[in-house]
K.L.:
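Below: one structure in structure tokens.
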Protein chains: 2
Amino acid sequence: MTVSRVLRDRGDVSEATRAKVRAAARALGYVPNRIAGALASQRVNLVSVVIPSLSNMVFPEVLSGISDRLVGTPLQPVMGVTDYSDEREEGVLYEMLSWRPSGVIVAGMEHSPAARAMLVNSGVPIVEIMDVDGEPMDSVVGISHRRAGRETAEAIIASGYRRIGFLGTKMPYDHRARKRMEGFEKALAESGITLADREFYSGGSALLKGREMTEAIMNRTPDIDFLYYSNDMIGAGGLLWCLEKGFDVPNRIGLAGFNGVELLQGLPRRLATMDAGRREIGEKAAEIIATGLSGVRIELTPKLLRGDTIRPAR
Amino acid sequence: MTVSRVLRDRGDVSEATRAKVRAAARALGYVPNRIAGALASQRVNLVSVVIPSLSNMVFPEVLSGISDRLVGTPLQPVMGVTDYSDEREEGVLYEMLSWRPSGVIVAGMEHSPAARAMLVNSGVPIVEIMDVDGEPMDSVVGISHRRAGRETAEAIIASGYRRIGFLGTKMPYDHRARKRMEGFEKALAESGITLADREFYSGGSALLKGREMTEAIMNRTPDIDFLYYSNDMIGAGGLLWCLEKGFDVPNRIGLAGFNGVELLQGLPRRLATMDAGRREIGEKAAEIIATGLSGVRIELTPKLLRGDTIRPAR
DNA sequence: TTGAAAGCGCTAACAT
DNA sequence: ATGTTAGCGCTTTCAA
């Protein structure tokens, strides 16, 4: 009836009735039932966002970018967390798709066959984010983690470091961290270098773990002259440890992290890093859904920020 | 029809038909339409979570607690971000309620009259979180920020500090930070102490801002002997600055933050703080919704963790 | 144990 | 400019 038209600003309704309806709606505290609306119109203003975790800063920043870009559109993000589990991802996607959302934004490019099938068959626009190393189902926006690892390795080698250690997370399902390490090792191998040592952690305060792992690896392999951390937080811990121990950074030992977190700006030295463009990825992904595009591919190309912890190339 | 019964594990269906339906559903990649289901059953497995921001670690941790507690239930969180704006809060709540969720979890106890009316009239279970200083609409789980401020002030005074500075965010709508400061100043006043100086910031890297503000306040009021920060991140920045400048912490100057963030564990000294119980708050709030309770009031009572930056009481 | 029928509260298309 | 009507795809109730 007319009420529906007013509340959706549609079609021709006289100013008089419009006002009357508005007043009545307000007085009654009427909130339309979108479930019925969605069923009738076959349109749902929800965007599903599926991410592996909320417990480090990276995914909240992506969410933040998505949420910001969606302000002013009728779209609303709905989030699901998978804890890096394929099974949970399938469950979450099933739930999400059962609401027939306007779009799905999902982290990563590796999904179980069941998950892929569900997404592809859903007919809903899909954006895979964070990573571009793989075969996209529809749209994709992210960076190449292999390339990130490779470029970092090349810069390190060019600066003359030779005894190189890697410190990362013990997460077989964090495919992006894995790809960075692969790209990193491959580039080292091309220069005839193999990793001098490596160290992995899981859980706990990343800053503290960074300290502990750095201490462990330096005690075990004292001649290491460079440490590549799979994220900035452990890198920051390592940096603080090195400075406290009086290591000459970046001459005795160089350091680099990954992500480009804001936190680094307040540290005693600027840790070398690479900005993964998390917020921008979120914004671009949301934009693809909001504008109804499909098959878009956006690869951001982050540059290594050398900060104060890699000495100049020579 | 029967299919519906199978997919929802309801009523008596023979094993034979059950199997047949399952097989067919799988083969077709069938995902039921929850919109229709929700409309027919008047039940929606969504929990709305309304928070002011995603850009510091505190709300993601709450979300994480909610999300974890909801695993294994049929419920799914839907999030909305208000950017500390009443207007945005109203808009987000309107959207949320139009989906007739199973519950609403909303940060804070201060809402516009319109928002309150919407929530109360919705008939949906409401949980206000983070703060307990106010008149709850339904359930509430959080801490008293006034008390947190007061207890911190009392501990500081008991340790003999007298020239006290406050550093915080320039956010008139962050009611929790405001209440902490109020409680803090009130307790000081009761001991005849007034704030020696104060400094506020907005935006940017909190760690860096902490350094800058600390430098500014110490230059302006050099005889300050204690700095109370409205969050751990700026506190950590202040701590790093003080250590670099060679201040004797906690004797020449004491420091305290707020939140109990994990990061503090990796710092050179443990900053005094108070754990706001963010994850636990999220879990408890989700539990209230999941179990269908109403009118629950849970007040957590965080203790001051003195760390290494407040000297012993005397 | 299965099937049939009547809505759920809207929107879209079609009258008026 | 406004009113009328037929679904949207399920769940619920009732009958078989």
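Chain naming here is simple, since letters A, B, ... match the order of the sequence lines and numbering starts at 1 in each.
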K.L.:
Within the structure shown, what part of the strands sits under 4.0 Å from B:Arg43 by heavy-atom distance: base, sugar-phosphate, or nothing?
P.N.:
sugar-phosphate

K.L.:
Any Lys/Arg nitrogen of A:Arg18 or A:Glu15 sitting under 4.0 Å from an Asp/Glu carboxylate oxygen of the other?
P.N.:
yes

K.L.:
If only side-chain N and O atoms of A:Ser14 are considered, is one of them under 4.0 Å from the OP1 or OP2 phosphate oxygen of D:dT2?
P.N.:
yes

K.L.:
Rounded to the Å, how far apart are B:Lys20 NZ and C:dT1 P?
P.N.:
15 Å

K.L.:
Compare the minimum distances between each of C:dC14, D:dC10, D:dT13 and the side chain of A:Arg5, then state the nucleotide with the smallest one.
P.N.:
C:dC14

K.L.:
Would you mind reading off the distance between A:Asn33 atom CG and D:dC8 atom P, rounded to a whole angstrom?
P.N.:
18 Å

K.L.:
When the distance from CZ of B:Arg34 to P of D:dC10 is rounded to whole Å, what number comes out?
P.N.:
11 Å

K.L.:
What's the closest nucleotide to the side chain of A:Leu39 if the choices are C:dA13, C:dG9, D:dT11?
P.N.:
C:dG9

K.L.:
Once you round it to whole Å, what is the distance between C1' of D:dT2 and CD of A:Glu15?
P.N.:
15 Å

K.L.:
Would you mind telling me which of A:Glu262, A:Glu61, A:Glu283 makes a salt bridge (Lys or Arg N to Asp or Glu O under 4.0 Å) with A:Arg278?
P.N.:
A:Glu61

K.L.:
So, OP1 or OP2 of C:dT2: does either fall under 4.0 Å of a side-chain N or O from B:Thr17?
P.N.:
yes

K.L.:
On the nucleotide C:dG7, are OP1 or OP2 found under 4.0 Å from the side-chain N or O atoms that B:Gln42 carries?
P.N.:
no

K.L.:
Whether A:Glu299 and A:Arg147 form a salt bridge (side-chain N of Lys/Arg under 4.0 Å from carboxylate O of Asp/Glu) is what I want to check.
P.N.:
yes

K.L.:
Can you check the A:Arg100 CZ to D:dC10 C1' distance for me, whole Å?
P.N.:
11 Å

K.L.:
Round to the nearest Å and state the distance from B:Leu7 atom CG to D:dC10 atom C1'.
P.N.:
11 Å

K.L.:
Looking at the side chain of B:Tyr30, which of C:dC10, D:dC10, C:dT11 is the nearest nucleotide?
P.N.:
D:dC10

K.L.:
C:dC10 P sits how many Å from A:Asn45 CG, rounded?
P.N.:
15 Å

K.L.:
Taking only Lys NZ, Arg NE, NH1 and NH2, and the carboxylate oxygens of Asp or Glu, determine whether A:Lys179 and A:Glu110 approach each other closer than 4.0 Å.
P.N.:
yes

K.L.:
Let me spell it out: for each of A:Ala40 and B:Ala40, pick the nucleotide of DNA chain C with the closest heavy atom. Which residue's pick is nearer the 5' end?
P.N.:
B:Ala40

K.L.:
Hey, is A:Asp83 close enough to A:Arg88 for a salt bridge, meaning N to O under 4.0 Å?
P.N.:
yes

